[in-house]
A.B. asks: 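One structure, as structure tokens, below. Some questions next.
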Amino acid sequence: MMRTRPLKVALLGCGVVGSEVVRIMTTHAADLAARIGAPVELAGVAVRRPDRVREGIDKDLITTDATALVKRGDLDVVVEVIGGIEPARTLITTAFEHGASVVSANKALLAQDGAALHAAAEEHGRDLYYEAAVAGAIPLIRPLRESLAGDKVNRVLGIVNGTTNFILDKMESTGAGYQEALDEATALGYAEADPTADVEGFDAAAKAAILAGIAFHTRVRLDDVYREGMTEVTAADFASAKEMGCTIKLLAICERAADGESVTARVHPAMIPLSHPLASVREAYNAVFVESEAAGQLMFYGPGAGGAPTASAVLGDLVAVCRNKLAGATGPGESAYTRLPVSPMGEVVTRYHISLDVADKPGVLAQVATVFAEHGVSIDTVRQQGKDGEASLVVVTHRAADAALTGTVEALRKLDTVRGVASIMRVEGE
């Protein structure tokens, strides 16, 4: 039997995502009520610019006083889509204190202060849901937190930023340089006017922190995630990748150590084989590959950003939180019982592709091979091309620790026959 008294929802932020949340709440009101068991009422919308025209929203619901809105005391759910650290953090904790559960899309805040927010939600008996914070519309957090709760996840490998995937895809498919591909992404609305958070890997790193924490039942903060951007990837890197039967993606990689005693989380460009499912992810799409002991290999794919896709994830959480409210219960909170340490990048073991500019004369290859051997890094393949006294040497290693590879490269730079290190890229997905 449906309850007639509506559940009251406040919205913090009414930009691209927030406006889509309101549109879906309005156009699908009857369906949402049927799925929840009670109607949902938009009780207020906090914005910074109250004079902007917002179709479908009663102007009497608009306010610039977000603090007063979350302190009302009669709200059931607060939806936070303003982003950033403050005032979002204070508004969320204030909402908990005044009786409301929270649905958030704020990856930066959750990656930085997720533990404290979960603790505040638990203290006040409220829900904190954030499916929209990672990979847009793709159901990922709930499967990791609930569907795989009885399994042991060992690895999460994914493309979690649509902007960077679009740029790298265009560089591969058209031969465009980085700046040209970025300009196209900006013109199409995939890249922000300031793309730093995307192209330097900050956005993906925040998502990696959230995914690692949930997958491995431990606390992983943004500062724990190793991060490299993709601005240095070149057409020559793609040419080398093609010769290896690979492509290049900006990957978020979260792994449990083989002995199960630690975890790692990292974001960086990497070569992956064309046979890997992630290699076929094109344009601005996202995909995440999950490896667990019982379920095996799972892949989640779909649009990772945009107003409507992100709003879809927000509404999914809203339905779940509202159902919990009617049942007098809360959903799963933070699970950090393993308390596993996060290992530094130097301990990460993977393969490497190193491109060197060297003198084209006898003995160079032997010198280079000796340096690799002295640092305990085994060579898989070597390719050398030379002309007019200059040459390029491409070395692909077997799996080695990052610290060992770093020491190798430092030693190579000291050789008189090595003119420079053109590029270093990890090889993943094998």
Side-chain angles (χ1 to χ4, degrees), residues 2 4-36 38-72 74-84 87-88 91-92 95 100-107 109 129-133 135-138 162-163 185-194 283-285 302-322 325:
M2 183 177 294
T4 57
R5 183 166 61 84
L7 294 162
K8 293 187 177 182
V9 178
L11 179 64
L12 306 181
C14 197
V16 173
V17 176
S19 59
E20 282 295 311
V21 169
V22 174
R23 182 188 65 80
I24 296 173
M25 283 181 63
T26 303
T27 58
H28 299 291
D31 286 335
L32 290 173
R35 294 166 190 172
I36 292 169
V40 176
E41 174 188 313
L42 186 62
V45 181
V47 299
R48 287 185 298 174
R49 303 180 183 88
D51 297 331
R52 288 180 57 182
V53 176
R54 294 177 170 84
E55 295 183 6
I57 302 177
D58 186 338
K59 63 181 181 180
D60 291 336
L61 296 177
I62 302 295
T63 180
T64 58
D65 194 343
T67 301
L69 180 59
V70 298
K71 283 184 174 181
R72 278 178 38 162
D74 65 339
L75 299 176
D76 295 292
V77 185
V78 169
V79 175
E80 182 271 310
V81 289
I82 57 177
L91 291 170
I92 288 173
S101 291
V102 173
V103 172
S104 176
N106 195 332
K107 53 187 171 289
L109 177 58
Y129 276 50
Y130 43 91
E131 185 68 64
I138 304 172
T163 300
T186 303
L188 292 173
Y190 291 127
E192 301 288 345
D194 179 1
E283 298 285 331
Y285 277 78
T310 306
S312 171
V314 169
L315 266 295
D317 279 350
L318 180 63
V319 169
V321 170
C322 286
K325 182 78 175 183

A.B. asks: Got more than 12 heavy atoms from elsewhere within 6.0 Å of OH, Tyr130?
C.D. replies: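 Yes, OH of Tyr130 has more than 12 neighbouring heavy atoms, counting only those of other groups under 6.0 Å.
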
A.B. asks: Please, which pairs that meet salt bridge (Lys or Arg N to Asp or Glu O under 4.0 Å) have at least one residue in residues 16-34, sequence neighbours excluded?
C.D. replies: Glu20-Arg23

A.B. asks: Can you check whether Val47 reaches Arg54 side chain to side chain, under 4.5 Å on heavy atoms?
C.D. replies: yes

A.B. asks: Sequence neighbours left out, what passes salt bridge (Lys or Arg N to Asp or Glu O under 4.0 Å) with Asp74? Give chain and number order.
C.D. replies: Lys8, Arg72

A.B. asks: Which distance, rounded to the nearest 0.5 Å, do you find between the CE of Met25 and the CG of Leu318?
C.D. replies: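 Between Met25 CE and Leu318 CG, I get 6.0 Å after rounding to 0.5 Å.
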
A.B. asks: Out of curiosity, Thr310 OG1 to Ile138 CD1, how far, rounded to the nearest 0.5 Å?
C.D. replies: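 So the OG1 of Thr310 and the CD1 of Ile138 are separated by 10.0 Å.
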
A.B. asks: Is there any salt bridge (Lys or Arg N to Asp or Glu O under 4.0 Å) pair reaching into residues 57-66, and which pairs are they, with sequence neighbours excluded?
C.D. replies: none

A.B. asks: Quick one: does Lys325's side chain get under 4.5 Å of Val321's, heavy atoms only?
C.D. replies: no

A.B. asks: Would you say the side chain of Val78 lies within less than 4.5 Å of the side chain of Leu91, judging by non-hydrogen atoms?
C.D. replies: no

A.B. asks: Please report the interatomic distance OG1(Thr26) to CG(Leu42), rounded to the nearest 0.5 Å.
C.D. replies: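 Here the rounded value is 7.0 Å.
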
A.B. asks: Any side-chain heavy atom of Cys322 sitting closer than 4.5 Å to one from Val77?
C.D. replies: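 Result yes, sub-4.5 Å side-chain heavy-atom pair found.
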
A.B. asks: Any heavy-atom pair between the side chains of Val319 and Leu32 that's under 4.5 Å?
C.D. replies: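 When only atoms from C-beta onward are counted, Val319 and Leu32 do touch, with a gap below 4.5 Å.
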
A.B. asks: Please report the interatomic distance CG(Leu69) to CG(Leu12), rounded to the nearest 0.5 Å.
C.D. replies: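 One gets 6.0 Å once the value is rounded to the nearest 0.5 Å.
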
A.B. asks: Can you confirm whether Glu41 is buried at CD, in the sense that more than 12 heavy atoms of other residues, nucleotides or ligands lie under 6.0 Å from that atom?
C.D. replies: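 Yes, the 6.0 Å shell around CD holds more than 12 heavy atoms from other groups.
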
A.B. asks: Are Leu315 and Val21 side-chain neighbours, meaning at least one heavy-atom pair lies under 4.5 Å?
C.D. replies: yes

A.B. asks: I want to check something: taking the side chain as every heavy atom from C-beta on, are Leu109 and Ser104 in contact at a cut-off of under 4.5 Å?
C.D. replies: no

